[in-house]
J.: 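Below are the structure tokens for one structure; questions will follow.
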Amino acid sequence: MKLVLTLALVRALLVHARSSWIVGWDVLIFTQQWPITSCISHLEQSSKATCNLYPNMTSWTIHGIWPTKLGTIGPNYCNKSWSFEEAQIIDMEPYLIKYWGNIYGGETRTSLWKHEWTKHGTCAAQLPSLNSEKKYFEKGLEWVTHYDYVAVLSKHNIFPDDVKTYSRNDIYIAIKDMFGVEPAINCIYNKKTKQHELSQIKLCFDQSLHLVDCDGIIGYNEEIIGNCPQLGITYPASVRTGGKEYSYSRKLAKF
Ligand SMILES: *[C@@H]1O[C@H](CO)[C@@H](O)[C@H](O)[C@H]1NC(C)=O
Ligand SMILES: *[C@@H]1O[C@H](CO)[C@@H](O)[C@H](O)[C@H]1NC(C)=O
């Protein structure tokens, strides 16, 4: 009897340790970007800049999955001896290029993946369900198809359009209605056109990988209230880079 109790106690302690001691963060922030806005803002940095946009990039793309302790940023770079190995994800590369590609021209094909893995993936890996490069990137691919903002926004008549503008509340309601949690929504201010462009949408997950509100993350208020204005948000449909025009066609749902 005594032995059984002791074993149960040890097991309970281990379970507790695994969930709250080894894992040094509270939520995963899953950040997707609108590739056209990312490209436009990249092109503004320098006249020589180009973007990697492909005809098959017809959806929002992944920026990263970021383990986050509420009220702080990070942790980051949790295991510096765990370097990025392309071989681990080579089978998924066609999908990673389409859904998690580096929009910035002139950088290597793997640079964004390497950065996201070493900075964030090595921290996400504290969770058994994400404890390899393969699992981390697979989770991103699973989520990007499940949390499809082109589809979600279009249900509320919010389409990429170079002229039309939307309100912050329209965008917020579309996401909140679909998924039932508080998202964080980012805009980038375009100095040239003086427009606020929709740039990133974040959803938050707990350690069981269930959706939770993002309102505990740092900068949440600035992100949702500060950097997108209440009105006049554009959701750009086209950009010209490398001598080519990329234009999102609503009818074809592709570029
Ligand atoms: C850090 O990464 C190395 C290399 O993959 C691995 O062997 C080690 O177990 C990791 N350490 C922790 C604490 O996860
Ligand atoms: C998307 O297009 C890029 C560039 O042509 C290609 O390398 C990649 O394999 C494509 N991915 C898919 C899933 O079609």
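Values reported hereafter were calculated over all heavy atoms of this structure, with side chains retained and with hydrogens, waters and symmetry mates removed. Counting starts at 1 for both ligands and their atoms, following the listed order. The residues of the chain are indexed from 1 along the displayed sequence. Predicted model, so just to flag it, every value in this text is computed and none were measured.
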J.: So among Tyr136, Tyr95, Trp143, which one has a ring-ring contact (aromatic ring centres under 6.0 Å, His included) with Trp100?
T.: Tyr136
J.: Is the ring pair His120/His115 parallel, tilted or perpendicular, if the boundaries are 30 and 60 degrees?
T.: perpendicular
J.: If the criterion is any heavy atom closer than 4.0 Å to an atom of ligand 1, which residues make the list?
T.: Asn79, Ser81, Trp82
J.: Taking 4.0 angstrom as the limit and counting only heavy atoms of Tyr54, give me the atoms of ligand 2 inside it, by number and element.
T.: 4 (C)
J.: I want to check something: taking the side chain as every heavy atom from C-beta on, are Glu93 and Arg109 in contact at a cut-off of under 4.5 Å?
T.: yes
J.: Of the non-hydrogen atoms in Trp60 and Ser199, which two are nearest, and what is the gap between them?
T.: CZ3-O, 3.7 Å
J.: Does atom NZ of Lys135 have more than 12 heavy-atom neighbours from other groups under 6.0 Å away?
T.: yes
J.: Under a 4.0 angstrom heavy-atom cut-off, which atoms of ligand 2 come close to Asn56?
T.: 1 (C), 2 (O), 3 (C), 8 (C), 10 (C), 11 (N), 12 (C), 14 (O)
J.: Decide whether an N or O pair under 3.5 Å exists between Ile97 and ligand 2.
T.: no
J.: Measuring centre to centre across the rings, with the benzene-like ring taken for any Trp, is Tyr235 within less than 6.0 Å of Trp34?
T.: yes
J.: So if I apply the side-chain hydrogen bond (donor to acceptor under 3.5 Å, both in side chains) rule between His63 and each of Lys202, Gln200, Gln33, which one comes out positive?
T.: Gln200
